[in-house]
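So you know, we letter chains A, B, ... as the sequences are listed, proteins then strands, and number each from 1. Treat the numbers as computed from the prediction; the structure is a model and nothing was measured. Heavy atoms only: backbone and side chains are in, while hydrogens, waters and symmetry mates are out.
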Amino acid sequence: MGPSTVKSLSFYDTFTRRKVPFVPLDKSNIRLYVCGPTVYDYAHIGNARPVVVFDILYRLLKHWFPKVTYVRNITDVDDKINERSRKSGRSIKDITDETTKIFQSDMDALGALTPDVEPRATEHINQMIEMIENLMEKGHAYETKGHVLFNVPSMTDYGQLSGRNRDEQIAGARVDVAPYKNDPADFILWKPSGSDAPGWHSPWGFGRPGWHIECSAMSKMYLGETFDIHAGGIDLIFPHHENEIAQSRCAFGTCRMANLWMHNGYVTVEGEKMSKSAGNFYTVNGLLKDWPGETIRYALLSGHYRAPLNYSIKGLSDAQAALDRLYQAIRISEDNGHHNALPGVSVLDALADDLNTPLALSELHKLAGAVNKASDNEVRNKIRSELIESAKLLGLLDKKSEDWFRRGALKSNSPTSAEIEQLILSRDRAREIKDFKKADEIRDELESMGVTLEDSKNTTTWKMS
RNA sequence: GGCCCGGUAGCAGAGUGGUUAUGCAGAGGACUGCAAAUCCUUUUACGUCGGUUCGAUUCCGGCCCGGGCCUCCA
C-alpha cells in the first residue's frame, strides 16, 4: 500500500451517459439544484430517496469545497394540489403549508441537512412570468386561447438529455394532443385559471404556471443561468428536465443549463414501481412510527443510488442490524477525547466514485471491525474517531450509542429506564449471591419486555432488542 | 414500435481479466455462571451459449429472463 490518496470526484452524468470527473464552474461556490416535492400529501419512501442520496452529495461537496449552494424547491402550485383541495374541502394554503412542514420534519428525521434555499413556487410567480415573456420575445413561445406554450420545434437540439428525437416521442405518445398546440411536442408554460383554481394576473390573463417553468425560474434566481449539478428522480428526465433545459437555454441563450445531470433510480415495493398513482407506497411519516429515521436512511443507502431499490421490512431490519453493529463499535469506548480525525480514505474514495454508498458502508463496517479488534486503547480511539468522521459523510452515527440502543420511546408498551435499572439491580444482587436461577428469571422477564442485557466486567448495560 | 437499464452465493448488495467485498442468516470454536456483545474458523456466487485470452464472474457478440421510460410521477 502506498500513501493514502484520495481520488477526485466523479459522477455519472445522464446527459453524456458516462461517468465524468467533476469540474466545478466556480470552485469557491458549488451550485446544486435538486427537484423537491409537490406538497399535497405525505412523502413516500420513493420521494425520500433523492433527498437522502443527494444529501450525501451535498455533504461530500461540502467536504471537498469551501462553499456549496444547495437549492431544493417546493412545488406548491399544481393541479394535484387543487384536486386535493377540492376533494377535502381544505384550502390550498392549508394543505401546502402543512404538507411542507411534515415533509421538512420527516426529512430532518432521516438525517437530511436543510438545503441552503427552499424556494416555494408561489413566491416566484413574477420570475416565471418574466421568463415566459422572455421566451415569447425570442420566438420560443406563443399564446393561444389563454395558454402559453413552449414551441419545441423552435429549439433545434431539443431532446438531448432523454436521448430521443421529436419524431420518436410523437410517434410513441400515449396521450392525445391538445387541440391548442401548434406542435404535438409543445408544452405548457402558463395556463388559464377559472374560479376553481389558484391564479395570478399575467399578461395572458388570470392563470397559473405550467409544471416545468418554476425550476427554470428559481434555479436561475438562486444559482444563475448555468450551474454545476441538477439532480432528481430518474422519472424526471423526461419530460420535466428536458423541458427545463429547453426553457432555460432558450431564455438565456446558454449552451447548457447544468453541467452535470444526476438521477436516482426508483424504489420498488415487492418488485413493483412505487408511486402515488399506483397506491402502493410507504410514507416516511408512517415508517417513522416503527423505525428510527437512521434505519430508514441506512436502508435507502444500502443500494447504489442509480439502481432500483426494493423496499421491504426485511431490508429495514437488515439495516437496523447493520447499524447496531456500527453503534456497538462506538459504544465500547464511548467517552474519549476527539482526535481531530478525518474521514477514512476508503470511505471518501467510495463516495467520490459516483456516490458508491454500499461500498462506503462496507468500509464503515471494516472500521468497526478494526475498532473491535484493537488491543491498544490509543489505536482503538483513533480508529473509532475515524469511523465517526467517516459516518458523518453519510449522515450516520450522529447519536450517542446508548440513545441508539435504548430506542424505547419508539414503543409505547416499553418499560421505563428506571424500571429496567431497578430490575437490573435486583439481578445483580441475585448474581452476587450466585442465585443464578433468580438472575436468569429476571433476565427472561426483561427479554420478554424487549430488553436485552449485556454483562461486562463490572457493569450491565441494556438495549432494546 | 422506439429508447434505456439489470441478471453475483440462503437474503441484501459491492467489485475485479488471475488474489477476503461487506452486513444479515447457517456451522464450529474462544470468551461468559448462563447469555448478550465481541473475536477466530467455516459452508453456499457470479443467467445462458459462443468469442477474445495463458486465464473471464469481469471484455465482445447471440440468446433467455426481469425491470423502466416514451408528456401524473422522486
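The H365(A) side chain lies nearest to rG23(B) when the options are rC73(B), rG33(B), rG23(B). Comparing atom distances between the F238(A) side chain and each of rA74(B), rC70(B), rA14(B) picks out rC70(B) as nearest.
D78(A) has its CG atom 14 Å from the C1' atom of rU71(B), to the nearest Å. Between the CG atom of N264(A) and the P atom of rA74(B) there is a distance of 11 Å, given to the nearest Å. Between the CG atom of L326(A) and the C1' atom of rU22(B) there is a distance of 11 Å, rounded to whole Å. Rounded to an integer number of Å, the gap from Y40(A) OH to rC72(B) P is 13 Å. Look at CG on L161(A): it is 14 Å from C1' on rC70(B), rounded to the nearest Å. Rounding to whole angstrom units, CG of residue L236(A) and P of rC72(B) are separated by 13 Å. The distance between atom CD1 of I81(A) and atom C1' of rC72(B), rounded to the nearest whole Å, is 13 Å. Rounded to whole angstrom, the span from the CG atom of N243(A) across to the P atom of rC72(B) amounts to 11 Å.
Remark: Y266(A) is in phosphate contact with rC69(B), judged by side-chain N or O atoms under 4.0 Å from OP1 or OP2.
Annotation: the span from T357(A) atom OG1 to L60(A) atom CG amounts to 11.5 Å, rounded to 0.5 Å.
Remark: rU32(B) base-pairs with no nucleotide in the shown strands. Criterion, Watson-Crick or G-U wobble with two distances under 3.5 Å. Nucleotide rU58(B) has no partner under the Watson-Crick or G-U criteria, as no pair reaches both atom distances under 3.5 Å. The partner of rC3(B) is rG68(B), judged by Watson-Crick or G-U wobble contacts that both fall below 3.5 Å. For rA45(B), there is no paired base (Watson-Crick or G-U wobble, both distances below 3.5 Å). Pairing of rU22(B), defined by two Watson-Crick or G-U wobble distances under 3.5 Å, is identified with rA12(B).
If you take atom P in rC59(B) and the same atom in rA14(B), they sit 16 Å apart, rounded to whole Å. Rounded to whole Å, the separation between the P atoms of rA25(B) and rU58(B) comes to 32 Å. Nucleotides rC64(B) and rG50(B) place their C1' atoms 14 Å apart, quoted to the nearest Å. On the P atoms, rU42(B) is 28 Å away from rG33(B), given to the nearest whole Å. Rounded to whole Å, the P atom of rG10(B) lies 14 Å from the corresponding atom of rU48(B).
Taking the six-membered ring wherever Trp is involved, the centroid distance between the rings of H147(A) and W190(A) does not fall below 6.0 Å. Proximity of the aromatic rings of H212(A) and H241(A) is defined here by a centroid distance below 6.0 angstrom, and this criterion is not met.
Ring geometry, Y311(A) versus Y282(A): the interplanar angle falls from 30° to 60°, so the pair is classed tilted. Classified by interplanar angle (parallel below 30°, tilted 30° to 60°, perpendicular above 60°), the ring pair F54(A)/Y305(A) is perpendicular.
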Can you build the contact string for nucleotides 34-47 of chain B? Use B for base contact, S for sugar-phosphate-only contact, and - for no protein heavy atom under 4.0 Å. BBBSSSS-------
Can you pull every protein N or O that's under 3.5 Å from an N or O on nucleotides 19-21 of chain B?
| from | atom 1 | to | atom 2 | distance (Å) |
| --- | --- | --- | --- | --- |
| rA21(B) | O2' | K366(A) | NZ | 3.4 |

Any protein N or O atoms within reach of nucleotides 6-12 of chain B? Criterion: under 3.5 Å, listing atom names and distances.
| from | atom 1 | to | atom 2 | distance (Å) |
| --- | --- | --- | --- | --- |
| rC11(B) | O2' | K314(A) | NZ | 3.4 |

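Comparing Y305(A) and G46(A), the nucleotide of RNA chain B nearest to each residue sits closer to the 5' end for Y305(A). Residues P308(A) and G232(A) each lie close to RNA chain B; by heavy-atom proximity, the contact nearer the 5' end of the strand is made by P308(A).
With sequence neighbours left out, the side-chain hydrogen bond (donor to acceptor under 3.5 Å, both in side chains) criterion links R31(A) to no other residue. F150(A) meets the ring pair (Phe, Tyr, Trp, His ring centres under 6.0 Å) test with F187(A); sequence neighbours excluded. For R59(A), the side-chain hydrogen bond (donor to acceptor under 3.5 Å, both in side chains) test picks out D55(A), with sequence neighbours left out.
Checked for salt-bridge contact, D440(A) and R431(A) miss the test: no charged N lies under 4.0 Å from a carboxylate O. With salt bridges taken as basic N to acidic carboxylate O contacts below 4.0 Å, none links D78(A) and R208(A).
Across all strands shown, H263(A) has no heavy atoms under 4.0 Å from either base or sugar-phosphate atoms.
Taking the ring axis of Y12(A) as reference, the NZ or CZ atom of R306(A) stays within 45° of it and closer than 6.0 Å to the ring centre.
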Taking it one step at a time, do E378(A) and K382(A) satisfy salt bridge (charged side-chain N to carboxylate O under 4.0 Å, His left out)? CA-CA 6 Å; E378(A) 191 66 22; K382(A) 194 160 170 275; over 6 Å; no
Between L57(A) and L32(A), is the side chain to side chain contact (heavy atoms under 4.5 Å, CB included) condition met? List the steps. CA-CA 9 Å; L57(A) 176 63; L32(A) 168 68; 3.8 Å; yes
